[in-house]
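Every value quoted in this text rests on a predicted model; they were computed, and no experiment measured them. Throughout, protein chains are lettered first and strands after them, A, B, ... in sequence-line order, and every chain is numbered starting at 1.
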Amino acid sequence: MEGREILLPRAIFQKILDHCRSLRPEEACGLVAADGSGRPVAVLPVTNSLHSPVRYQMDPREQFDAMKRIRREGWSLFAIFHSHPLSEPAPSPTDIRQAFYPEAYMIIVGLEKEPAVARGFVVQEGEVAERLLRVVEDPLP
Amino acid sequence: MSVVVRIPTPLRKLTGNQGEVREEGKTVREILDGLESHYPGIRERLTDEAGELRRFINIYLNEEDIRFAEGLDTTVKAGDEVSIIPAIAGGSR
């Protein structure tokens, strides 16, 4: 969390975008897991149980299962993402008030215009700091 | 009955940075009583003035959400695992 940049492999970034676009106009949400070296390795979409264009709440059972999977795989919670289908990708007062996972980056995907814009933030005890979100090409096999 | 309680990151300031603690009790409510006695201040983060679970807090006993069991009166047995899981929520409005 100390770094100034959030590095996202392109495949991870694309999965987040695809998921958010597929659920537009509803807000979409999910988790990003990192491996032991802190590199993002998996996107775990979770159902927005509110099915709303302006609010989201992760389905509690799916959230629990996704977090358990992260623990069992030896991963860590890297980021929590959600989309703003109708507005800018910046944390709203609701996003800040309900941010209970300060260890994870908050990634917000703005779908108001194309191309979609994703931004990353650290939200800790009501304080928001933006981190440059940089998409990196996947390493060659 | 000794159970393992998983503590989420935002509450670890209250548990001396421990992500897992052991507590004794026969119900989830007694487990929370035990937590409060060892880590004062934690209960108000989990339950409201009426003693009910806060809206954005989910508690799982092993694999089950206690809201779908007996709530805070759900009985626990030795070796059970209690997970405190804050909801993930937000939105543009």
Side-chain angles (χ1 to χ4, degrees), chain A residues 1 25-31 44 46-50 52-68 71 76-77 79-104 106 108-112 121 123-125, chain B residues 3-21 28 31-32 35 39 41-48 52-72 74 76 79-93:
Chain A
M1 301 300 278
E26 292 180 7
E27 290 200 6
C29 53
L31 308 179
L44 294 86
V46 177
T47 300
N48 172 8
S49 60
L50 301 180
S52 158
V54 293
R55 292 297 274 269
Y56 82 96
Q57 182 160 352
M58 288 194 182
D59 177 273
R61 157 58 54 180
E62 287 184 35
Q63 179 193 327
F64 177 70
D65 288 343
M67 296 178 96
K68 195 168 65 184
R71 199 170 64 239
S76 59
L77 178 60
I80 295 167
F81 72 89
H82 73 282
S83 62
H84 284 180
L86 306 173
S87 61
E88 296 290 317
S92 67
T94 307
D95 289 327
I96 297 166
R97 200 172 53 246
Q98 298 180 359
F100 298 127
Y101 291 84
E103 76 273 29
M106 178 186 288
I108 306 179
V109 178
L111 298 171
E112 190 185 19
F121 305 88
V123 182
Q124 289 178 334
E125 295 179 7
Chain B
V3 305
V4 170
V5 186
R6 289 186 183 278
I7 308 293
T9 318
L11 299 184
R12 288 181 196 168
K13 270 185 287 191
L14 296 166
T15 60
N17 244 0
Q18 299 175 87
E20 277 186 20
V21 300
V28 175
I31 298 297
L32 299 194
L35 279 176
Y39 312 107
I42 199 166
R43 195 207 319 259
E44 67 171 2
R45 306 288 295 273
L46 305 175
T47 59
D48 61 19
E52 296 304 316
L53 208 52
R54 288 189 182 278
R55 186 170 149 229
F56 288 108
I57 294 288
N58 299 310
I59 295 184
Y60 283 78
L61 176 63
N62 302 320
E63 299 291 309
E64 292 307 316
D65 185 337
I66 64 164
R67 283 197 177 88
F68 298 111
E70 307 296 319
L72 294 173
T74 304
V76 302
D80 277 350
E81 197 172 275
V82 173
S83 304
I84 300 169
I85 316 252
I88 299 181
S92 55
R93 235 176 257 164

Where on [X] is there a heavy atom nearer than 4.5 Å to chain B: the side chain, the backbone, both, or neither?
{"X": "M106(A)", "answer": "neither"}
{"X": "R61(A)", "answer": "both"}
{"X": "L31(A)", "answer": "side chain"}
{"X": "P89(A)", "answer": "neither"}

Between K13(B) and E125(A), does any side-chain N to carboxylate O distance fall below 4.0 Å? yes

Could you tell me whether [X] atom [atom1] has more than 12 heavy atoms of other residues or ligands within 6.0 Å of it?
{"X": "R93(B)", "atom1": "CZ", "value": "no"}
{"X": "Q18(B)", "atom1": "CD", "value": "yes"}
{"X": "E70(B)", "atom1": "CD", "value": "no"}

Please step through side chain to side chain contact (heavy atoms under 4.5 Å, CB included) for the pair Y56(A) and D95(A), ending with a clear verdict. CA-CA 9 Å; Y56(A) 82 96; D95(A) 289 327; 4.2 Å; yes

Side chain, backbone, both or neither: which part of R6(B) has a non-hydrogen atom closer than 4.5 Å to chain A? side chain

